[in-house]
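Residue numbers start at 1 and run along the sequence shown. Just so you know, ligand 1 is whichever comes first in the structure, and atom 1 is the first atom listed for that ligand.
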Amino acid sequence: MSNIPIIILKEGTEEIQENRARKQNINAMIAITELVKSTLGPKGMSKMLVDSLGDCTITNDGAEILKGLDIENVAANMMVNVAKSIDEDIGDGTTSAVIFSAKLLENALELIDQSIHPKPITHGYKLAADKALEIIKKIAVKISTDDDVILKNAAKTAMNSKNIGGLKDFFADLTLKAVKHIMDDDGNTFSKVGNIKIVKASGKSLKESELINGVYIEKEKLNSGMPDVVKNAKIAVIRRKLDVVKTEFDAQIQISSPADIQGFLDQEEKILRDYLKIFKDLGISMVVNSQDISDKFSAFLAKEGIAAIKNLGDSDMKAVMKAIGAKRVDNIASLSETDLGFAETVKFEKIGDNNYTLFSGCKNPKSVSILLKGGLDKILDTVEITLNDVLSVIAKTIDTKTVVAGGGAVYMELAKRLKTYSNEISGKAQLAITSFALALEEIPKTLIKNAGLEEIEKMTELRAAHKTDEDKWMGIDTITNTIGNNFEKGIVEPAELVNHIIKAGSELANLILRVDRIISAKGSGMPGM
Ligand SMILES: Nc1ncnc2c1ncn2[C@@H]1O[C@H](COP(=O)(O)OP(=O)(O)O)[C@@H](O)[C@H]1O
Ligand SMILES: [Mg+2]
C-alpha cells in the first residue's frame with residue numbers, strides 16, 4: 001500500500017468531523033427547541049408568526065410554529081419532521097417530542113464532553129426507550145369506549161393548552177359525540193376522523209356551534225328555479241359531462257345547411273331529453289356531478305323540480321357517496337335504482353359568505369359535520385385547528401383504549417423507574433439511562449417554568465410525591481398550580497401519545513448521535529450557518 005492520500009471529495013467540499021459535527025447539529029436543534037419551549041402546556045406563551053407576505057398569525061401551537069419555519073440546518077429540519085410526523089400520527093404532542101429529543105441530545109453532549117463515546121450512549125438510550133415503553137404498558141389505565149368521562153377528560157386535557165376560552169366542556173362534548181358517530185369496531189376510528197367535516201360560519205357565537213348529522217358541501221344549486229329543499233331525496237351521483245358536444249349515444253353531427261342546424265338543435269334537445277327521461281323514470285330528485293352541467297340542462301332539470309350541483313372535487317364526491325350510500329356512475333344509460341343514494345333532506349343554504357349544500361338524514365349516519373359558528377375568521381381558523389387535534393386525540397384514545405395522567409405525571413413516574421432500572425445496567429450505558437430519565441423530566445420542568453413557578457422547588461416536590469407505585473399519577477396542575485393525583489383531576493392523555501414521543505424522540509437523538517461527519521457539497525452552505 002502506498003502512502004499517497006486518496007482524494008475522494010471534490011474540491012470545495014467542506015467536511016466537518018467528529019464531535020464538532022455533532023455539536024453543530026445539536027446546537028441548531030436546541031435553538032429550534034427554544035423557540036417552542038415556552039409554548040408548552042396551559043400557561044404556554046403565544047408566538048406571533050409573520051410570513052413572507054407580512055400576514056400575521058398568533059399561535060401557541062408548537063406544530064404550527066414549526067411548520068412555519070424556514071430552517072436551513074439539516075438536523076434541525078429532521079427534528080421539525082419528527083414533530084410533523086407526530087402531528088400526523090397522533091394529532092398532538094409536537095412540542096413535547098421536540099423538547100424531549102433536544103434534551104436527550106443536550107445530555108448526550110455532556111457525556112461526550114466527559115470523553116464517553118457515542119456508542120454506549122446510543123445503546124443506553126435504546127435500552128431506556130424500550131424499558132420506558134414496557135413501563136407505560138404496565139402502568140397505563142385500560143378504558144372502554146363508553147368511558148365517556150375519561151374520553152372527555154382526554155379531550156379537555158388536549159384543549160388545556162389552547163385558546164378556547166370557557167368552552168372546553170362544550171367542545172369536549174361536541175367532539176366526543178362527533179367521534180362516536182364515526183366510531184368503528186375495527187379499531188380504526190383515527191383514520192376516519194377526516195369524515196368529520198368542520199364547516200366554518202362567521203358572525204355568530206362559538207357557543208352556537210353544533211353537530212350536524214350530515215355532510216356539508218360548499219356548492220350552490222345550479223339554477224334558481226331548483227327547489228331550496230328536497231325532501232326524501234333520491235340522489236344520482238355521476239361523473240359525466242351533462243352537455244351535448246360529446247354524448248354517450250355517440251351521435252355524429254354534421255352540419256352543412258341551415259336545415260341541418262335545426263336538425264342539430266333538435267338532436268341536442270333530444271339527447272338532453274333522453275338524459276332527463278332516465279332521471280325522471282328513476283324518480284331522481286337530486287343530481288350530484290363531478291363534471292360540468294350546461295346551463296341549458298340545468299334549466300331542464302329545474303323545470304322538472306330536480307336539484308343539482310356540479311364540479312365536485314374528489315374528497316367532496318367521496319364524502320357525499322359515503323353519506324348517502326350512492327355509487328358513482330359514468331354512463332347515464334346504465335343508471336339503475338341500486339346506484340342511487342338517499343337523504344331525508346337536501347338543503348341549499350348560505351352560511352356566512354359561502355353557499356352550501358347540506359345532505360342530512362342520510363343512509364349512513366356515520367357522516368357528521370361540525371358547524372363552527374363564531375366571530376372573527378382568524379378565531380375560527382384557530383378553533384378549527386384545535387378541534388382537529390382534539391378529534392384525533394379522542395379517536396386515538398378510543399382505538400388504543402389506554403390512558404396515562406398528564407401534567408408531567410407519567411414522565412416523573414417513568415424517570416423514577418428508569419433510574420432504578422439503570423442500576424441493573426453496567427458500564428457507560430448506565431449513565432445514558434440516567435440522562436434519558438432526566439430528559440423525560442424536562443417536560444414537567446418546562447410546564448412548571450412556563451407557569452412561572454419555582455422550578456427546583458416544584459421538581460423536588462414532584463419527585464418526593466412519587467414514593468410508591470400508588471403515586472404514579474402525581475403531577476402538576478398548572479391551571480390551579482397544585483401538585484396532586486392528576487388522573488383524579490381528569491388530566492389524562494392517550495398512552496399512545498407518550499409512546500410516540502418516546503419512540504420518535506429517542507430514535508431521532510440516536511440518529512443524530514451516530515453522525516460523525518457532515519459533508520456538504522460546494523455551495524450548499526454548511527449546516528447551521
Ligand atoms: N392542567 C394542566 N396542568 C399541567 N399540565 C397540563 C395540564 N393540561 C395539560 N397539560 C400538559 O400540557 C402538555 C401539552 O402541552 P401542549 O402545549 O399542548 O404541547 P404538545 O405540542 O406537546 O401537545 C402535556 O404534557 C399535558 O399533559
Ligand atoms: Mg397539545
Side-chain angles (χ1 to χ4, degrees), residues 32-33 35-47 59-67 79-80 82-103 136 152-164 168 172 382 385-394 396-397 403-415 440-453 458-459 461-462 473-502 504-505:
I32 298 290
T33 310
L35 284 177
V36 292
K37 217 170 171 180
S38 65
T39 68
L40 187 79
K43 297 282 172 70
M45 304 287 282
S46 295
K47 300 273 173 266
T59 178
N60 66 349
D61 185 313
E64 288 303 304
I65 295 169
L66 292 173
K67 275 184 217 160
M79 190 158 74
V80 173
V82 164
K84 280 185 191 156
S85 85
I86 288 214
D87 201 32
E88 277 161 26
D89 293 346
I90 309 277
D92 200 14
T94 345
T95 317
S96 307
V98 167
I99 292 175
F100 174 57
S101 55
K103 195 66 189 176
I136 293 172
K152 263 187 238 174
N153 282 341
K156 283 191 267 182
T157 302
M159 273 185 268
N160 273 346
S161 47
K162 315 278 186 180
N163 298 323
I164 199 112
K168 254 187 326 193
T382 313
I385 293 173
T386 299
L387 292 192
N388 274 324
D389 283 5
V390 174
L391 291 169
S392 300
V393 167
I394 297 176
K396 210 45 166 195
T397 314
V403 290
V404 294
V410 67
Y411 300 105
M412 291 309 294
E413 184 65 15
L414 285 171
L440 289 169
E441 286 186 356
E442 191 65 14
I443 291 170
K445 212 187 242 176
T446 309
L447 289 169
I448 290 168
K449 201 168 168 186
N450 288 350
L453 299 171
K458 290 293 172 200
M459 281 305 285
E461 270 182 58
L462 265 184
W473 301 141
M474 296 301 280
I476 183 126
D477 176 353
T478 59
I479 293 177
T480 59
N481 287 344
T482 51
I483 286 177
N485 185 322
N486 272 356
F487 198 91
E488 282 166 12
K489 286 186 186 175
I491 305 173
V492 295
E493 39 207 19
E496 192 59 20
L497 171 63
V498 182
N499 285 341
H500 236 80
I501 289 168
I502 286 172

Which atom of Ala504 lies closest to which atom of Ile86, heavy atoms considered: CB-CD1, 4.1 Å
Per-atom contacts of ligand 1 with Ile476, taking only distances under 4.0 Å to non-hydrogen atoms: 3 (N), 4 (C)
Atom 22 (O) of ligand 1 [closest protein heavy-atom partner, distance rounded to 0.1 Å]: Ser96 OG, 2.5 Å
Residue portion contacting ligand 1 (non-hydrogen atoms closer than 4.0 Å) for Ile491: side chain
Residue pair Leu462 / Pro444, side-chain heavy-atom distance below 4.5 Å: yes
4.5 Å side-chain heavy-atom contact, Val404 and Phe487: no
Modelled atom types, side-chain donor and acceptor of Thr480 and Asp477, under 3.5 Å: yes
Full working for side-chain contact (heavy atoms from CB on, under 4.5 Å) between Met45 and Thr39: CA-CA 5 Å; Met45 304 287 282; Thr39 68; 5.8 Å; no
Donor-acceptor contact present, side-chain Asn485 to main-chain Glu488, <3.5 Å: yes
Atom indices of ligand 1, in the order listed, that fall short of 4.0 Å to a heavy atom of Gly406: 27 (O)
Within reach of ligand 1, part of Asn486 (heavy-atom separation under 4.0 Å): neither
Count, waters excluded, of protein N, O or S atoms under 2.8 Å from the Mg ion (ligand 2): 1
Stepwise salt bridge (charged side-chain N to carboxylate O under 4.0 Å, His left out) test for Glu442 and Lys449: CA-CA 10 Å; Glu442 191 65 14; Lys449 201 168 168 186; over 6 Å; no
Atom 5 (N) of ligand 1 - nearest protein heavy atom and its distance: Gly407 CA, 3.3 Å
Whether Gly93 lies under 4.0 Å from ligand 1, heavy atom: yes
Element-labelled atoms of ligand 1 that are located less than 4.0 Å from some non-hydrogen atom of Thr39: 17 (O)
Donor-acceptor contact below 3.5 Å, side chain Thr94 vs main chain Asp87: no
Proximity to ligand 1 by part of Ser161, non-hydrogen separation under 4.0 Å: side chain
Nitrogen or oxygen atoms of Gly41 and ligand 1 under 3.5 Å apart: yes
Protein heavy atom at shortest distance from atom 21 (O) of ligand 1: Thr95 OG1, 2.8 Å
For atom 10 (N) of ligand 1, closest protein heavy-atom neighbour: Pro42 CD, 3.9 Å
Between Lys162 and Thr382: side-chain donor-acceptor atoms closer than 3.5 Å: no
Nearest-neighbour protein heavy atom for atom 8 (N) of ligand 1, which is reported as residue plus atom name and distance: Asn160 ND2, 2.8 Å
Side chains of Thr386 and Asn163 in contact at under 4.5 Å (non-hydrogen atoms): no
Side-chain touch Ile448/Lys445, heavy atoms, less than 4.5 angstrom: no
Residue pair Glu493 / Val393, side-chain heavy-atom distance below 4.5 Å: no
Any N or O of Tyr411 closer than 3.5 Å to N or O of ligand 1: no
Closest protein heavy atom to atom 14 (C) of ligand 1, given as residue, atom name and distance to 0.1 Å: Leu40 CD1, 4.1 Å
Pair Met459-Met412, side-chain contact (heavy atoms from CB on, under 4.5 Å): steps then yes or no: CA-CA 9 Å; Met459 281 305 285; Met412 291 309 294; 3.8 Å; yes
Proximity to ligand 1 by part of Glu493, non-hydrogen separation under 4.0 Å: side chain
Beyond-backbone contact of Val98 with Met79, side-chain heavy atoms, under 4.5 angstrom: yes
4.5 Å side-chain heavy-atom contact, Lys84 and Leu66: no
Atom 1 (N) of ligand 1 [closest protein heavy-atom partner, distance rounded to 0.1 Å]: Asp477 OD1, 3.0 Å
Region of Leu447 that comes within reach of ligand 1 [heavy atoms, distance under 4.0 Å]: side chain
Backbone of Lys43 reached by a side-chain donor or acceptor of Asn450 within 3.5 Å: no
Nearest protein heavy atom with distance in Å, relative to atom 3 (N) of ligand 1: Thr478 N, 2.9 Å
Ile479 N/O under 3.5 Å from ligand 1 N/O: no
